[in-house]
There are 2 protein chains.
Amino acid sequence: MHTADDTDLKIDHIPQTLREIALEKLRTAIINGRFKSGARLVERTLCDQLGVSRSVVREAIRYLEAEGLVEIAPRAGPMVARLDWSQARQIYDIRLLLESHAARACAERADAQTKARLTDALHALDAAMSQGGGAAVYQATTAFYEVIFTTADHYIAWEIVQRLNSRISRLRALTLAAQDRRVSGPARMQQICQAIIANDPAAAAQAVRDHLTEAAEIARRLLEAEAAGERES
Amino acid sequence: MHTADDTDLKIDHIPQTLREIALEKLRTAIINGRFKSGARLVERTLCDQLGVSRSVVREAIRYLEAEGLVEIAPRAGPMVARLDWSQARQIYDIRLLLESHAARACAERADAQTKARLTDALHALDAAMSQGGGAAVYQATTAFYEVIFTTADHYIAWEIVQRLNSRISRLRALTLAAQDRRVSGPARMQQICQAIIANDPAAAAQAVRDHLTEAAEIARRLLEAEAAGERES
DNA sequence: TGCGGTCTTATGGTATACCAACATACCAGG
DNA sequence: CCTGGTATGTTGGTATACCATAAGACCGCA
């Protein structure tokens, strides 16, 4: 009881720096497509938009660059990172390895609490899908996978997967908008959820593989259609 | 012929910024153990040591933070990231997935050039081992794996693996210094090399798994011994 | 000696100034 | 009209100034 009181009095919540706020806003703006792939990120313009000095903007850009969301082209300054199919394919491959591994571990150790959290996350995803909101679907999907990775104690893999997902956020938005994916996406995640609830590691890993194989194929087709559209114009 | 001349005249080599130089030096200093795990990285001290302004140092720290080599503790400022066994174990697990996958792909597609490059890299590693230099062994090991990942066209996975290796650099130095590892490490990499030269993907993947399973076990033992030593003092 | 209060110093967060380099616009001459 | 030279504006790289906060040192009093 005395220990609990000490913990309650501890000041854990450090005020957020401007840098942290700016970083979060820029990252979200990139993920949400406000800044398009290849778009220049001009420091002074961002300063005006964010209402902070160049120091803050520059430091935020450094993070985003290290995360792969921003690239610096010679003589051109920072731009939102571009993504070709080769890179996207690699990202889907890595996700497949890490996510199937996490789902397996999660299925091995899922207790009643985990199962309830997963079921809740799936319901939230269905609700987001019904409302049609892209960002809300993105967040609900992220929340679902977060349950899996944290249950599996795969914190570093989760960090990596989130980074990779940010880099393909544009592709994810496209695939989520694709008609066939809107039907099969939730069904795939339902399968993942059920395998975990059944404590069946092999089925959970396989459900993830099916899910991502399909997502990658849709993404590839969409990128090709886009490239064909550009070639004709 | 006209095309070749145009390419030759292109100015590709952008001068390095101070920021890039400082980042490289700091990263190397952390990896090489000059700045110990948990050590405070005081900006003004680093400015004096590097001979640059605080802007440069701060921006470099932002990269290192995003790479996981530096952490910011509340009310304490930047320090070299600490690593516990749980994190290290996760890192070895992820490496195992990504490296075995790359070795498999490399073995599937290795041509004579790849085989020669791998053999050369292994010789360089043996030479570095004979000279006993820790940093040289680290670099030679990195060069060996780089051949594998680039042959496999796994560029993003290689980026991730390098990041992860930086985070466990201290552990890697410890395990490389361990007597039994000095004997078995080159033998393990010889096995990886031979499986790839034989174009045997399954053997290559298995050789990587054996290699990393052993490295992780040695690391675990060393960390435990270290923790036991600290508990007695 | 221990505790509380005050002062000083160190440090990170943030803003701003300065400069170099590059890209673009404009003008003059052939 | 085309080309070369010059001027201008934009932008990133870097240094420095300012400020708030936290930690530590110091001093006085009981």
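Heavy atoms only: backbone and side chains are in, while hydrogens, waters and symmetry mates are out. Labels below follow one simple rule: chain letters A, B, ... track the order of the sequence lines, proteins then strands, and each chain is numbered from 1.
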Stepwise side chain to side chain donor-acceptor pair (under 3.5 Å) check, B/T114 with B/D111: CA-CA 5 Å; B/T114 300; B/D111 56 14; 2.9 Å; yes

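Salt bridge status for A/R89 with A/D93: present, with a side-chain N to carboxylate O gap under 4.0 Å.
At whole-Å resolution of the value, CZ in B/R40 and C1' in C/dT11 are 8 Å apart.
Extent of DNA chain D lying under 4.0 Å from chain B heavy atoms, first and last nucleotide in 5' to 3' order, is D/dG13 to D/dA23.
A/E59 meets the salt bridge (charged side-chain N to carboxylate O under 4.0 Å, His left out) test with A/R19, B/R58, B/R62; sequence neighbours excluded. Residues satisfying the salt bridge (charged side-chain N to carboxylate O under 4.0 Å, His left out) test with B/D120, not counting sequence neighbours, are none. Checked against side-chain hydrogen bond (donor to acceptor under 3.5 Å, both in side chains), B/R27 has the following partners two or more places apart in sequence or in another chain: B/E24, B/E67.
Note on B/R44: every side-chain N or O is 4.0 Å or more away from OP1 and OP2 of C/dT11.
Using a 4.0 Å heavy-atom cutoff across all strands shown, A/L41 reaches sugar-phosphate atoms only and no base atom.
Scanning residues 47-69 of chain B for heavy-atom distances under 4.0 Å to DNA chain C yields B/R54, B/R58.
Aromatic ring pairs are classed by plane angle as parallel below 30°, tilted from 30° to 60° and perpendicular above 60°; the pair B/Y92 and B/W85 is tilted.
At least one donor-acceptor pair closer than 3.5 Å links the side chain of A/R109 to the backbone N or O of A/T151.
Sorted pairs that involve residues 28-40 of chain B and meet side chain to side chain donor-acceptor pair (under 3.5 Å), not counting sequence neighbours, are lacking altogether.
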